[in-house]
Amino acid sequence: MDINNDDTSIASDQIVSSYSNGTVALHKVTCDAQSENKGPPHNIQIEETHRWNAHSMFGCPSEVWTCSFLRGDEHVVLSGADDCSLKIWDIRQTQRPTHKIGDSEFEAGVTAISSHPKTSHVFAVGSYDEYVRLYDHRKMDQPMMKVCVGGGVWRIKWHPSCWRDGEETQGFGGKMLVAAMHGGCRVVNIPTLEPPHASDAEVEILSKFTAHESMAYGADW
């Protein structure tokens, strides 16, 4: 699930969600105006506005593990599923994806997608094949870079510094916190997004946490 709240007006918020029956859905979020004391809205409503069949495998629905809006294009939704594919959708017409990357790149299911908080068109993708890949939506022929994190990738969280405003964020890569199942949690550093991009060898795992001695499915800063 992801929420698109780039607009400062909460009345325009949308949620995208994914399901085990192979579908992806959009929801409109509306709420009452805030009271004079600037407290939370009294009433929030979530209405499903559109749902489509997104992923299948061997003729059957494939579990859609992850979905996300794309920063920089309000009409684009990304989805990843157990069918080893990443799909890009234009939500104005969802009969077929505008782009698909399948098992020529991914060796297992696509399980996590996270758009860069400040750099438009750039997003990270995690897979059961133990790799985090970074893509630019405008050039999808190959990843910008990728790194092995030692376990299936279940969650990707960009560091809070990636959200800061200012010119110094231009081309700023930043750190990602990755929940990598049996690999524990890893902090990954992306040195730059400016061309020429950092090579795979320059993407560095700064630290790891394995004290759970179990599957790490979630992590946050």
Side-chain angles (χ1 to χ4, degrees), residues 2 65-73 76 78-88 97-164 168-210 215-221:
D2 189 29
W65 293 114
T66 183
C67 60
S68 177
F69 290 102
L70 177 68
R71 179 173 179 81
D73 193 329
V76 173
L78 315 166
S79 65
D82 212 31
D83 61 354
C84 306
S85 74
L86 165 70
K87 292 185 179 182
I88 300 176
T98 59
H99 199 91
K100 174 184 174 181
I101 298 175
D103 56 14
S104 60
E105 176 65 38
F106 298 102
E107 297 181 13
V110 175
T111 49
I113 302 172
S114 183
S115 285
H116 193 281
K118 285 296 179 183
T119 303
S120 296
H121 306 289
V122 173
F123 59 97
V125 181
S127 170
Y128 277 137
D129 66 10
E130 304 187 358
Y131 277 87
V132 173
R133 296 166 172 87
L134 209 62
Y135 282 97
D136 187 324
H137 172 237
R138 297 162 297 185
K139 188 179 180 182
M140 293 294 297
D141 55 330
Q142 62 182 5
M144 297 166 64
M145 59 197 78
K146 63 181 181 180
V147 59
C148 181
V149 293
V153 179
W154 199 248
R155 288 290 182 271
I156 301 171
K157 289 285 187 176
W158 292 96
H159 190 271
S161 63
C162 298
W163 297 81
R164 67 189 180 191
E168 70 274 14
T169 62
Q170 296 301 314
F172 176 68
K175 300 179 181 67
M176 293 183 290
L177 177 60
V178 179
M181 298 181 69
H182 62 269
C185 297
R186 310 291 173 102
V187 176
V188 179
N189 185 53
I190 309 296
T192 182
L193 298 174
E194 289 282 10
H197 308 302
S199 67
D200 294 351
E202 293 174 294
V203 179
E204 182 183 7
I205 296 178
L206 299 178
S207 59
K208 59 183 179 179
F209 176 81
T210 58
M215 297 286 191
Y217 287 107
D220 206 345
W221 296 97

Where [X] and [Y] come nearest, the two heavy atoms and their spacing:
{"X": "Asp82", "Y": "Trp65", "value": "OD1-NE1, 3.2 Å"}
{"X": "Met176", "Y": "Trp221", "value": "C-CZ2, 4.0 Å"}
{"X": "Cys185", "Y": "Gly218", "value": "SG-O, 4.4 Å"}
{"X": "Cys162", "Y": "Gly173", "value": "SG-O, 3.7 Å"}

Rounded to the nearest 0.5 Å, what separation is found between the [atom1] atom of [X] and the [atom2] atom of [Y]?
{"X": "Leu134", "Y": "His116", "atom1": "CG", "atom2": "NE2", "result": "8.0 Å"}
{"X": "Ile101", "Y": "Cys84", "atom1": "CD1", "atom2": "SG", "result": "13.0 Å"}
{"X": "His159", "Y": "Ile190", "atom1": "NE2", "atom2": "CD1", "result": "13.5 Å"}
{"X": "Ile113", "Y": "Leu78", "atom1": "CD1", "atom2": "CG", "result": "5.0 Å"}
{"X": "Cys148", "Y": "Asp129", "atom1": "SG", "atom2": "CG", "result": "8.5 Å"}

Donor-acceptor contact below 3.5 Å, side chain [X] vs main chain [Y]:
{"X": "Ser127", "Y": "Gly109", "result": "yes"}
{"X": "Trp154", "Y": "Ala112", "result": "no"}
{"X": "Thr98", "Y": "Ile88", "result": "yes"}
{"X": "Ser68", "Y": "Asp2", "result": "no"}

Item to check | Qualifying residue, where the test is side-chain contact (heavy atoms from CB on, under 4.5 Å) with Val187 and the options are Leu177, Val149, Ile205, Val178 | outcome: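 It is Leu177; the other options fail the test.
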Less than 4.5 Å apart, side chain to side chain, heavy atoms only: is that true for [X] and [Y]?
{"X": "Glu105", "Y": "Pro143", "value": "yes"}
{"X": "Glu130", "Y": "His182", "value": "yes"}
{"X": "Trp158", "Y": "Lys118", "value": "no"}
{"X": "Val147", "Y": "Arg186", "value": "no"}
{"X": "His121", "Y": "Arg71", "value": "no"}
{"X": "Tyr128", "Y": "Met181", "value": "yes"}
{"X": "Phe123", "Y": "Val76", "value": "no"}
{"X": "Arg133", "Y": "Leu86", "value": "no"}

Checklist entry - Does a sphere of radius 6.0 Å around NZ in Lys146 hold more than 12 heavy atoms from other residues, nucleotides or ligands, not counting ones at 6.0 Å or beyond? => result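 Counting other residues, nucleotides and ligands, NZ of Lys146 exceeds 12 neighbours.
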Next on the checklist: Restricting to ring-ring contact (aromatic ring centres under 6.0 Å, His included), what partner residues turn up for Phe69, sequence neighbours left out?
Outcome noted: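 Once residues adjacent in sequence are excluded, Phe69 has no partner under the ring-ring contact (aromatic ring centres under 6.0 Å, His included) criterion.
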